[in-house]
Amino acid sequence: MRRHPITIIILLLLLCVAGIKAQTTSRDTTFYTGADISWVTEMEKNGHKFYNNAGQERECTALMRDYGMNAIRLRVWVDPSKHDNWCNKEDVLVKALRARDLGMEVMIDFHYSDWWADPQKQNIPASWSGHSYEQMKKDVAGHTIDVLSFLKDNGITPKWVQVGNETRNGFLWTVASNEHGWPALDENGNTTIIESVGHARNNPEQYAGLFAAGYDAVKQVFPDAIVIVHLDNGFDEHLYEWNLGTLAAHGAKWDMIGMSLYPYWAIEGGYRTDADQTITDCMENIKKVGRKYGCDVMIVETGMDTHAPEEGYRQLSRILRESRHNTEGICRGVIYWEPQCKPSQYRLGAFTEDGRPTKIMEAFME
């Protein structure tokens, strides 16, 4: 049957409208608040307990939910056998199951290292050292698939997966270390790279290729997972322009941009002199990169000084409020890094030494 041209045009318009409506309704508009509590099982083994404001003992994940959180972030290391196997896939599963059973979403943070990975060090796992770039892409893919398949087989479906942790300078490059495993600094305070495969400046194409290998591996196991590229210093628009531009120029893709925002470290590191300006700059950067790359953003790490809980509460309240209401809907959530830790362990938590929440935590209840 021959259709009139006007009828065809109307049908096409209706299909377009239906498509736009489907895209609009499928986007998750939930604003997520959460915590990275990867230390919790180790703390429990050491006898540490957690309490609510009424002094009642609570399991840590449940306590986070009591504060209105709907997400938990968990780091995973490749072979942490020298560090008592904390944050291996089995340990991650224990914590992920707790979150799932409480109805909370899970974010998996791949460090692609046997221990801590951050802008100052991205040490290649010992079992991957000496591998070629082509082999290391297979290493990244294999490890990613192994961990995620293990979680999937045990009933965990992460909503988000980070390919690398704070990859300002790329990932999978090793620095000289001291006897404690921390970077050895020269007289000028600099590290010495002793093996470089995915360094963003030295090997930009390989940085992008390794990220792409991780991205594809995530999608192989969980096609609907949101893959995050995570950089530190969320206030630094030049960092994001250069690093994300490097990835994009070499064909890498991502679904979401993750940022770390620490006003305390921004001031301590000499990057900024004012906490509020740091937050303002981060909010502007969220909008800038979100518009440029057409993707959502999350603050996947933040933390306040427990030595000044009132000020920490004020800063966190502002971060939560503006992330939700002042980013044109681009920022989809805020995750606090290890709020439950002891101040003597790390000063930017949000609990007291004896396991009780400080004023900082009240920001999540607003």
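Nothing here was measured: the structure is a model prediction, and the numbers come from that model.
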Checklist entry - With Arg75, which residues qualify under salt bridge (Lys or Arg N to Asp or Glu O under 4.0 Å), at least two apart? => result Asp36, Glu338
Where the side chain of [X] meets the backbone of [Y], is there a donor-acceptor pair that is under 3.5 Å apart?
X      : Y      : result
His111 : Val76  : no
Tyr346 : Trp337 : no
Asn169 : Ala200 : no
Thr30  : Tyr32  : no
Asp79  : Asp114 : no
Asn233 : Asp236 : no
Arg332 : Thr29  : yes
Asn243 : Arg168 : yes
Gln122 : Asp118 : yes
Thr358 : Ala350 : yes

Checklist entry - Only one of Leu151, Leu74, Asn88 clears side chain to side chain contact (heavy atoms under 4.5 Å, CB included) with Leu93; which? => result Leu151
When you check the side-chain N and O atoms of [X] and [Y], is any donor under 3.5 Å from an acceptor?
X      : Y      : value
Glu195 : Ser129 : yes
Asn123 : Ser113 : no
Glu311 : Tyr264 : no
Ser344 : Glu353 : yes
Tyr51  : Gln56  : no
His230 : Thr167 : no
Thr144 : Tyr112 : yes

Checklist entry - Can you tell me if NZ on Lys253 sees more than 12 non-hydrogen neighbours from other groups inside 6.0 Å? => result no
Checklist entry - Has Glu205 got more than 12 heavy atoms of other residues, nucleotides or ligands less than 6.0 Å from its CD? => result no
Let me check something: any side-chain donor-acceptor pairs from residues 217-229 under 3.5 Å, sequence neighbours excluded? List them with distances.
residue: Lys219; atom: NZ; partner: Pro223; partner atom: O; Å: 3.4
residue: Lys219; atom: NZ; partner: Ala225; partner atom: O; Å: 2.7
residue: Lys219; atom: NZ; partner: Asp255; partner atom: OD2; Å: 2.8

I need the minimum non-hydrogen distance between [X] and [Y], along with the two atoms involved.
X      : Y      : value
Gln345 : Met43  : OE1-CE, 4.0 Å
Tyr133 : Gly209 : OH-CA, 3.3 Å
Ser196 : Asn203 : OG-OD1, 2.6 Å
Pro263 : Thr278 : CA-CG2, 4.1 Å
Ala363 : Leu320 : O-CD1, 3.5 Å
Tyr67  : Asn53  : OH-ND2, 3.1 Å

Checklist entry - Do Trp265 and Tyr271 have ring centres separated by under 6.0 Å? => result no
Next on the checklist: Tell me if the aromatic rings of Phe211 and His250 count as close, with their centers under 6.0 Å from one another.
Outcome noted: no
Checklist entry - Does a side-chain N-to-carboxylate-O contact under 4.0 Å join Lys342 and Asp354? => result no
Next on the checklist: Between Lys137 and Glu134, does any NZ, NE, NH1 or NH2 come within less than 4.0 Å of an OD or OE carboxylate oxygen?
Outcome noted: yes
Checklist entry - Step by step, would you call Phe110 with Val163 a side-chain contact (heavy atoms from CB on, under 4.5 Å)? => result CA-CA 6 Å; Phe110 279 98; Val163 174; 5.9 Å; no
Any heavy-atom pair between the side chains of [Y] and [X] that's under 4.5 Å?
X      : Y      : result
Met104 : Met69  : yes
Glu284 : Glu237 : no
Ser260 : Thr302 : no

Next on the checklist: Under the side chain to side chain donor-acceptor pair (under 3.5 Å) test against Gln277, which residue among Asp281, Thr273, Asp274, Thr280 passes?
Outcome noted: Asp281
Checklist entry - For the hydrophobic clusters of this structure (ILVMFWY residues joined by side-chain heavy atoms under 4.5 Å, transitively), does one cluster hold both Ile279 and Ile360? => result yes
Next on the checklist: Going by the rule side chain to side chain contact (heavy atoms under 4.5 Å, CB included), which residues pair with His325 if we only count those two or more places apart in sequence or in a different chain?
Outcome noted: Arg321
Item to check | Any residue meeting side chain to side chain contact (heavy atoms under 4.5 Å, CB included) with Trp115, in chain and number order, not counting sequence neighbours | outcome: Trp77, His83, Trp182
Checklist entry - Among pairs that include at least one residue of residues 99-110, which meet salt bridge (charged side-chain N to carboxylate O under 4.0 Å, His left out), considering only residues two or more places apart or in two chains? => result Arg73-Asp109
Next on the checklist: Whether Arg58 engages the ring of Phe50 as a cation-pi pair (distance to the six-membered ring centre under 6.0 angstrom, angle to the ring normal within 45°) should be assessed.
Outcome noted: no
Item to check | From CG (Asn154) to CD (Glu90), nearest 0.5 Å | outcome: 9.5 Å
Item to check | For Ile193, the rest of its hydrophobic cluster, which grows through side-chain links under 4.5 angstrom | outcome: Trp173, Val175
